[in-house]
Structures are given as C-alpha cells and as structure tokens.
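The structure appears below as structure tokens.
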Amino acid sequence: MNHALLGSALVGLLLASCGGSVDIPPGSGGAGGAGGAGGADGAGGATSATSGGGGTPVACGARSGGTCGAEEYCDFPDDSCGTFDTVGQCAERPAHCPEDCPGVCGCDGELYCNACSAQQAGVDVSTSTACLDREQADYAVTYWPGGLDHLIVYKASPGADRCVRLYVDAPAGSSPEGFDVELPETWRISSAVLAKGAADCTPETMHPAGEVVYATGATGRLSFDVGAGKVAPCSVDIDVSVTFPGEPAPELLRASGLHVAGGGCP
C-alpha cells in the first residue's frame, strides 16, 4: 500500500469532516484548466465524461454543437467566453476551491469569488466580460431614411469593449424566424449584430467595421410614437433580450427615453 497516498487521503477526510476544505487552485490561464487537469488554459488535460473516457477532449460552445457533462464546464481559449464562434473544450469542475475572493466575472454575467469557484459552478470566466455591463452600457438611436426607413439601436459596453446593434425597418414584412419583438405597426426587426469595439458603437456608423456575430433570435418590446408631421420617432423605449450564438446569456437592451438622432427632432 502507498502510505503517502493513504496519509493524504486521511488528511482530506479530516479537513472535510471539520468543515475545512482542501485547496486545489485552478490551472494556468486564470479561467482555464480547472480540477488540476494539466495543459495550458485547461484545454489539454481535461477529458470529458461525454468522450467515453478515450482521452480526447470534447469540443463545446459556438459552432461545435457539443455540450459538456453535469460535472464539467466549457473552457474557452484566452478566456473568450465563446464570443465570435470560439470553440472550447470540456473540462472537469474542481472539487475544492480556495477561499480567497478577489472577485471575477463569469461568462454568465455573474460575479464569483475566483476562477475556481466559477468553474465549480460550471462557468468559465473572462477579463473582457463586465458583470455590471447592463447597468453601465451607453445607448444611442439613429434614423436612416431610404427605400426602407431604418432605426438602429446601439448598445456600447465599454467594460467589455463590444457593441450590439439592433436594426429595425419600415415598411417591412415579417421579422426573421426567432425574432418575437413587439413593435409599432409596419416596423419589423431585420437583424441584430454583436461586434468588438465599443468606441465604434455610434450613430455615425451604420455597420460595424470588424467581424460580427449575427443574432439568432430576440424577444421583448420596442415602443415609440411618430409625432404629427414627423417621419421618425423622437424618443424610443426598449426592453429586448437578444440571443447570439456562443454567448452564455442573452444580451439585454433595456432603456427608456432614448433620443433619436437624424429624424429632425430637437
């Protein structure tokens, strides 16, 4: 019998019975590599339970279509949270975590004490995700006339350095499948996109300059009134939840009394 292993096991049992914990710090890369599995960013050493024990990590998130087991979490490279179709790999959730609590933001937009505790809850973390982003976001709305009139709602998130644009057109037919948003008559959502670059999220740019992720659905309500003699609203209220592929949670666009630029409003 290996006495060293037996002694280590007994110490763990005594600590657990006394209400203590055995600290197993997360692997290198902050959010990567939980559960003591080797490999940079946790992707190289963890073997998913869904892989059948064959030693090959299972891809998850984004376009991979893979899902992790109940005792795993999806570990994304560079702590990207799967944005822009980044594919992660299933890794084991850590059994025990240190008690230090510097505070980190999970890919689900919730705060956790540390990366290990987030992974224990089944969530990767990211330094580019701002947990308070929904409250700190900057909104703008612009009106573009043409064959189709366009309203574009901008949500700039400086903490996460990203931008959501919601495009609303009139007169238009039905919104794309999966977009169930209540709108004034003749107006319909045509698309919504997520892009990097909060500084570029302004009414001066109708389309983002870089790579974008297109929304797969949206629900909620966007309301406004067009005054007499006006072609566009002067103020917009929005409460819309937008779903993007690879994102851990829907993006919330929630604001009231947003001024519309470009519609001849004071």
Side-chain angles (χ1 to χ4, degrees), residues 60-67 74 76 80-88 106-110 123-124 126 128-131 133-144 148-170 172-184 186-203 205-224 236-256 258 260:
C60 56
R63 295 178 180 174
S64 71
T67 57
C74 192
F76 292 103
S80 63
C81 286
T83 306
F84 302 106
D85 286 329
T86 304
V87 176
C107 291
D108 59 353
E110 298 295 330
V123 180
D124 202 356
S126 174
S128 64
T129 301
C131 282
D133 213 36
R134 295 183 180 97
E135 289 75 16
Q136 296 175 343
D138 298 322
Y139 288 90
V141 185
T142 188
Y143 168 74
W144 291 64
L148 281 178
D149 290 340
H150 308 283
L151 278 176
I152 307 173
V153 180
Y154 302 79
K155 178 189 175 184
S157 302
D161 192 30
R162 59 197 229 159
C163 172
V164 173
R165 287 174 170 86
L166 182 71
Y167 298 89
V168 186
D169 301 334
S174 59
S175 298
E177 184 178 354
F179 288 78
D180 186 18
V181 176
E182 181 183 344
L183 290 156
T186 75
W187 290 85
R188 298 291 183 269
I189 290 179
S190 59
S191 65
V193 300
L194 170 66
K196 291 183 178 179
D200 192 39
C201 198
T202 67
T205 56
M206 185 173 180
H207 299 287
E211 182 182 3
V212 302
V213 174
Y214 285 88
T216 56
T219 58
R221 185 171 184 265
L222 191 152
S223 59
F224 53 81
V236 168
D237 296 335
I238 185 169
D239 187 357
V240 173
S241 175
V242 187
T243 302
F244 291 98
E247 290 295 299
E251 187 78 31
L252 298 180
L253 281 72
R254 184 172 293 163
S256 59
L258 296 175
V260 179

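This chain uses plain numbering: 1 for the first residue, then up along the sequence.
Formation of a donor-acceptor pair under 3.5 Å by the Asp180 side chain with backbone atoms of Thr219 is not found in this model. The backbone N or O of Phe76 sits less than 3.5 Å from a side-chain atom of Asp124, completing a donor-acceptor pair.
Closest of all the heavy-atom pairs between Tyr154 and Arg165 is CE2-NE, 3.4 Å. Between Thr216 and Pro245, the closest heavy-atom pair is CG2-CD, 3.8 Å. For Ile189 against Leu183, the heavy-atom pair with the smallest separation is N-CD1, 3.6 Å. Considering all non-hydrogen atoms of both residues, Ala198 and Asp161 come closest at N-OD1, 3.0 Å.
Considering only residues two or more places apart in sequence or on other chains, Tyr167 meets the ring pair (Phe, Tyr, Trp, His ring centres under 6.0 Å) condition with His207.
Side-chain contact between Val141 and Leu151: present, with at least one pair of heavy atoms (C-beta onward) separated by less than 4.5 Å. Considering only heavy atoms from C-beta on, Leu166 comes within 4.5 Å of Leu253 through its side chain.
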For this session: List the steps, then state whether side chain to side chain contact (heavy atoms under 4.5 Å, CB included) holds for Ile238 with Leu258.
Result: CA-CA 8 Å; Ile238 185 169; Leu258 296 175; 4.1 Å; yes
For this session: For side chain to side chain contact (heavy atoms under 4.5 Å, CB included), just list the numbers for Val212 and Tyr214, CA-CA rounded to whole Å, side-chain angles, deciding distance to a tenth of an Å, and then say yes or no.
Result: CA-CA 6 Å; Val212 302; Tyr214 285 88; 3.4 Å; yes
Exercise. Could you go step by step and tell me if Val236 and Val260 meet the side chain to side chain contact (heavy atoms under 4.5 Å, CB included) rule?
Worked result: CA-CA 7 Å; Val236 168; Val260 179; 3.6 Å; yes
For this session: Decide yes or no on side chain to side chain contact (heavy atoms under 4.5 Å, CB included) for Ile152 and Tyr143, but give the supporting numbers first.
Result: CA-CA 7 Å; Ile152 307 173; Tyr143 168 74; over 6 Å; no
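Taking CG of Leu222 as the reference point, atom CH2 of Trp187 lies at 9.5 Å (rounded to 0.5 Å). With values rounded to the nearest 0.5 angstrom, Ser241 atom OG is found 5.0 Å from Leu252 atom CG.
Using a 4.0 Å cut-off between charged nitrogen and carboxylate oxygen, Lys196 and Glu211 do not count as a salt-bridge pair. Between Arg254 and Asp239 there is a salt bridge, since at least one side-chain N of the basic residue sits less than 4.0 Å from a carboxylate O of the acidic one.
Side chain to side chain, Asp169 and Ser190 meet the donor-acceptor criterion of an N or O pair below 3.5 Å.
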